[in-house]
Protein chains: 2
Amino acid sequence: MSRSATRERIEEKADALFYEAGFEATSFADIAGAVGISRGNFYHHFKSKDDILDAVISRRLTATRAMLEAWDTDAAPKDRILSFIRILITNRTKIMAFGCPVGTLTTELAKLDHIAESRAAEIFGLFRDWLADQFRALGHKDDADALALHVLARSQGVAVMASALKDEAFLRAEVSALETWLDRLPDQTSTKG
Amino acid sequence: MSRSATRERIEEKADALFYEAGFEATSFADIAGAVGISRGNFYHHFKSKDDILDAVISRRLTATRAMLEAWDTDAAPKDRILSFIRILITNRTKIMAFGCPVGTLTTELAKLDHIAESRAAEIFGLFRDWLADQFRALGHKDDADALALHVLARSQGVAVMASALKDEAFLRAEVSALETWLDRLPDQTSTKG
DNA sequence: CCAGCACTAGGACGTTCGTCCTAATTTGTC
DNA sequence: GACAAATTAGGACGAACGTCCTAGTGCTGG
């Protein structure tokens, strides 16, 4: 019980620090200090830095699956997609400070040529598949995946620029533009042919 | 003469390494090794790591200004904007491996809380102002800046996702979509009122 | 031809990194 | 209450980091 509690706290702080300071720039001392434990204790729970990175990615995968599942309760597919788009608004403060957690981690791991890059990119895969499902529900048989990637790319772009500019008005304007795009997207349900 | 030649080679390699491996992950030994000089020699040309980062950013600012100036020879504003969009195609191999040099550096410096972040963001400022000029030339008086930021954000999004997915077809599809968007954008020249 | 300066090499510095080890403490079980 | 296992603290390890220092080299101007 105590074991998993400490492990949980380590993962939590590591997750936040990897996001806010970057994976490479976050040391074991940083995490241990944030959790309030010794470095030695650390190695009882995680045997290496890559090990805790794996745990953080697993954590994010699980959290993402849970979030997508929660959104599945929304009746209309367009409302589900709106839920995704509006993460940008909900998390605007953190996004303007540190960008998107998924995009920035994947980018960093790509530069580090790190083995975990593909696993981090799996988080994108979850969003991609889920969004494609929604677009298929809107009747977009053939271009569902392309539309999903389009929404993902637009969101990533907003996150990068909002972080670079520290400009909330820009972020809100681009989210509105994306919502308009979605609204004008033809709902092809029952208009087959 | 010899001085500036070595300095130039250091800046060149540092620029590439900061892009491909990241600023934090690139050590002085890495740069010195890539250039083929000793670490001691390094400090005769640059007094600190921040110093060479400054030089690299200055270098990129100058290169960007030169590129934009070259594009100014294109007659039609839409063609100029196309030149910008097509960087994604021209540099696709590097972008799929390391993302956008401007976006990834700005993102990393934001996480590091580095003083040079705002200077790195100035590169975005150059593109932003130049793109806004082109949209103004197309008659977009009031929304020129918003359109410029939109193009920048779309491009950044493509770069992030292309790097995460390592998918050239996606990159080309999104560039096409952006070109279509630009093509359908009303040219408001001489249609005032 | 020599004095002075820019340049280069290479090692020393203190610090921090990720990792490992050992010893103490807590916890759970019979 | 004793004993084994899990948990914790804290220091030691070598390597690598950014930085600094010193000594040697080569060009240049008087």
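Everything numeric here is computed off the predicted structure, so don't read it as measured data. Lettering of chains follows the sequences in order, A, B, ..., and the numbering in each one begins at 1.
- Taking atom NZ of K49(B) as the reference point, atom P of dG18(D) lies 5 Å away to the nearest angstrom.
- With rounding to whole Å, K47(A) atom NZ is found 16 Å from dG18(C) atom P.
- For the residue pair D79(A) / W71(A), no side-chain donor-acceptor distance below 3.5 Å is found, with atom types taken as modelled.
- Between S38(A) and dG10(D) there is no side-chain polar atom (N or O) within less than 4.0 angstrom of OP1 or OP2.
- Counting only N and O atoms by type, the side chains of S27(B) and D30(B) include a donor and acceptor under 3.5 Å apart.
- Nucleotide dC20(D) holds its P atom 10 Å from the CZ atom of F28(B), rounded to whole Å.
- Straight-line distance from the CD atom of E24(A) to the C1' atom of dT16(C): 13 Å, rounded to whole Å.
- For the pair A29(A) and N41(A), both in contact range of DNA chain C, the more 5′-proximal nearest nucleotide belongs to A29(A).
- Rounding to whole angstrom units, CD1 of residue I37(A) and P of dA9(D) are separated by 7 Å.
- Remark: C1' of dG10(D) and CZ of F42(A) are 16 Å apart, rounded to the nearest angstrom.
- Following rounding to the nearest Å, H45(B) (NE2) and dC20(D) (C1') show an atom-to-atom distance of 16 Å.
- S48(A) has no side-chain polar atom (N or O) that falls below the 4.0 Å cut-off from OP1 or OP2 of dG18(C).
- The separation between H44(A) atom NE2 and dG10(D) atom P is 17 Å, rounded to whole Å.
- Ion pairing between E20(B) and K94(B) holds under the 4.0 Å rule for side-chain N and carboxylate O.
- Because its NZ or CZ atom is not both nearer than 6.0 Å to the ring centre of Y19(B) and within 45° of the ring axis, K111(A) does not count as a cation-pi partner of that residue.
- Side-chain nitrogen and oxygen atoms of Y43(A) include at least one within less than 4.0 Å of the OP1 or OP2 phosphate oxygen of dT19(C).
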